[in-house]
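Reviewing the structure listed below.
Any value given below was found using the heavy atoms of this structure, including those in side chains, with hydrogens, waters and symmetry copies removed. We're numbering straight along the sequence, starting at 1.
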Amino acid sequence: MPSFFCQKEMYEFNLILNSAHTILGCMELLKRVKGCEGILCVLTEKIDAQLLNAAGPNLKVVSTMSVGFDHLSLDELKKRGIRVGYTPDVLTDCVAELTVALLLATSRRLIEATHEAKTGGWGTWRTLWLCGHELANSTVGILGLGRIGVAIAERLKPFKVKKFIYTDVALRPELANMIEAEYVSLDELAKQSDFLAICCALTPETYGICNWNLFSKMKKNAIFINTSRGGVVNQEDLYEALSTGLIAGAGLDVTTPEPLPTHHPLFTLKNCVILPHVASASYTTRNSMSALAANNLLAGLRGEPMPKELKL
C-alpha cells in the first residue's frame with residue numbers, strides 16, 4: 001500500500017469518501033467542484049463535460065477509485081490536459097475470488113438450495129433435485145482476457161477444468177500462455193463454453209455485446225457470469241434466454257442500472273443470482289483502492305508521477 005496515509009488517516013479518509021458518495025447528488029457535486037484543483041471520485045460519479053465545465057480551469061487531476069473508467073469522459077479530460085489516476089491491480093485477486101464464488105453459487109444452485117432448506121422444501125432425498133453443473137472436464141470461456149481473467153482461470157484450474165478459451169479485441173499471447181488458453185472467435189466462445197465469464201471493459205465496442213445473438217449460440221447447460229460492467233449485457237435478452245431455458249443460469253455482480261430495481265424481471269428467476277456490485281468488497285482491497293486513489297490525486301496535484309496513471 002502507498003505510504004502517504006497511516007491507518008487512522010486511512011480510516012477517516014474512507015469515512016469521508018463514503019459520506020460524500022452517500023450525500024452528494026449530481027447537482028450538489030456540480031456545485032461543490034467549482035474551482036477545485038483535484039477530484040477524487042468513484043464509479044458512480046459521471047465525470048463529463050458538464051462537470052468539467054462546472055469545475056473550471058483550475059482542475060488538474062481526476063482520481064477514480066476504480067479499475068474501470070467508463071464513467072469518465074476521456075476525450076474531454078484529454079482535451080483539457082487533465083491527468084487521470086485509477087486503481088488497477090489492487091483488486092484483481094478480490095474480483096477473481098468473487099467471480100469464482102458467484103460461478104459456483106450459480107452453477108450449483110446454492111441460493112435455491114438455501115431457500116429450500118429455510119422454507120421447508122427439504123424433504124426426502126430425490127435423485128435429480130437441485131442438481132447443477134460441475135467444473136470438472138468443462139470448457140471455460142473468458143470474454144476479455146486481462147489480469148482479472150487470468151486470475152479467475154488460475155483459481156478454476158484446480159477444479160479440473162479441461163480447457164480455457166478466450167476472445168478479446170486482439171490476441172493476448174503472454175496472458176493466454178499463463179493459463180494455456182486458446183483464442184477463438186466470439187461465436188466459438190459462445191458455442192464451446194460450459195461456463196462463460198465476462199471480464200471485458202465497457203467500451204462503445206463492448207456495449208450490449210452479450211445479447212440474443214450470443215445467448216442463442218450457447219449450450220443449454222451453459223452458465224453465464226458477469227463481474228465486469230452491466231452495460232455489456234442486454235438484460236432483456238438475458239431474461240429471455242434464462243426464462244426459456246436457452247441457457248442454464250446466470251450470475252451477475254453488475255447490472256444496468258445500479259441498483260437494479262427490485263421489481264426487475266431478472267429477480268423473478270430462480271436461475272439468476274444477482275449481487276449488489278460487491279466484487280471488490282473486501283476490507284484489504286477497499287483500503288488499498290482508497291489509498292491508491294488518494295495517492296494518485298496527491299501526486300497529480302504535486303506534478304509528480306502517479307502510482308497508477310491512465311494514459312490518455
Side-chain angles (χ1 to χ4, degrees), residues 42-48 64 66-78 84 86-89 91-92 95-96 98-99 102-103 140-153 164-173 175-176 179 181-193 195-218 222-242 247 250-258 260 266 272 274-275 277 279-280 310-312:
V42 294
L43 55 85
T44 53
E45 273 87 57
K46 189 74 173 173
I47 308 301
D48 55 12
T64 180
S66 64
V67 64
F69 42 83
D70 49 276
H71 57 299
L72 309 179
S73 296
L74 299 183
D75 290 342
E76 289 291 333
L77 290 161
K78 182 177 181 180
V84 176
Y86 69 136
T87 60
D89 301 330
L91 48 66
T92 298
V95 173
L98 187 281
T99 303
L102 181 57
L103 186 154
V140 173
I142 300 171
L143 177 56
L145 186 64
R147 293 177 296 268
I148 292 173
V150 168
I152 292 168
F164 290 102
I165 56 178
Y166 79 98
T167 295
D168 211 319
V169 292
L171 292 168
R172 307 288 188 199
L175 293 173
I179 56 172
E182 175 190 342
Y183 179 86
V184 297
S185 67
L186 183 61
D187 280 358
E188 283 302 312
L189 189 78
K191 292 175 183 177
Q192 294 186 35
S193 296
F195 299 87
L196 179 55
I198 311 303
C199 306
C200 60
L202 178 60
T203 66
E205 291 73 30
T206 61
Y207 182 83
I209 194 172
C210 299
N211 53 29
W212 186 258
N213 185 52
L214 180 88
F215 300 133
S216 65
K217 294 180 174 67
M218 292 175 69
I223 302 295
F224 176 87
I225 303 294
N226 184 23
T227 54
S228 59
R229 286 290 185 267
V232 303
V233 178
N234 182 312
Q235 291 176 169
E236 289 72 24
D237 289 353
L238 177 60
Y239 173 81
E240 288 300 318
L242 290 168
I247 62 175
L252 311 174
D253 184 49
V254 287
T255 60
T256 302
E258 292 184 358
L260 191 66
L266 284 172
C272 186
I274 301 174
L275 303 180
H277 203 149
S280 66
L310 185 63
K311 301 301 180 184
L312 301 181

Item to check | Steps toward side-chain contact (heavy atoms from CB on, under 4.5 Å) verdict (Ile47, Val84) | outcome: CA-CA 11 Å; Ile47 308 301; Val84 176; over 6 Å; no

Between [X] and [Y], is any pair of side-chain heavy atoms under 4.5 Å apart?
X      : Y      : result
Leu74  : Phe69  : yes
Ser228 : Leu202 : no
Ile247 : Leu242 : yes
Leu189 : Ile165 : yes
Ile198 : Cys200 : yes
Leu98  : Leu275 : yes
Cys210 : Phe215 : yes
Val95  : Val67  : no

Determine whether a donor-acceptor pair (N or O, by modelled atom type, separation under 3.5 Å) exists between the side chain of [X] and the backbone of [Y].
X      : Y      : value
Glu45  : Val42  : yes
Thr206 : Ala201 : yes
Asp253 : Ala279 : yes
Thr87  : Ser66  : yes
Gln192 : Gly141 : no
Thr256 : Gly231 : yes

Item to check | Steps toward side-chain contact (heavy atoms from CB on, under 4.5 Å) verdict (Leu103, Ile152) | outcome: CA-CA 10 Å; Leu103 186 154; Ile152 292 168; 5.9 Å; no

Any idea which heavy atoms bring [X] and [Y] closest together, and the distance?
X      : Y      : result
Val254 : Arg229 : CG2-C, 3.5 Å
Thr167 : Val184 : OG1-O, 2.9 Å
Thr92  : Ala151 : CG2-CB, 3.7 Å
Ile179 : Phe164 : O-CD1, 3.7 Å
Ala176 : Tyr166 : CB-CE2, 3.6 Å
Gly149 : Cys199 : CA-SG, 4.1 Å

Find the distance between [atom1] ([X]) and [atom2] ([Y]) and round it off to the nearest 0.5 Å.
X      : Y      : atom1 : atom2 : result
Leu91  : Ile148 : CG    : CD1   : 5.5 Å
Leu266 : Thr255 : CG    : OG1   : 8.5 Å
Leu312 : Glu76  : CG    : CD    : 12.0 Å
Ile223 : Ile225 : CD1   : CD1   : 6.5 Å
Asp70  : Leu43  : CG    : CG    : 8.0 Å
Leu214 : Phe224 : CG    : CZ    : 7.0 Å

Contacts of [X] that satisfy salt bridge (charged side-chain N to carboxylate O under 4.0 Å, His left out) - sequence neighbours left out:
X      : value
Asp89  : Arg147, Lys308
Glu258 : none
Asp168 : Arg172

Next on the checklist: If you apply the rule side-chain contact (heavy atoms from CB on, under 4.5 Å), what do you find for Leu252 with Leu260, and how did you get there?
Outcome noted: CA-CA 11 Å; Leu252 311 174; Leu260 191 66; over 6 Å; no

Checklist entry - What do the steps show when you test His71 against Thr64 for side-chain contact (heavy atoms from CB on, under 4.5 Å), and what is the final call? => result CA-CA 9 Å; His71 57 299; Thr64 180; 2.8 Å; yes

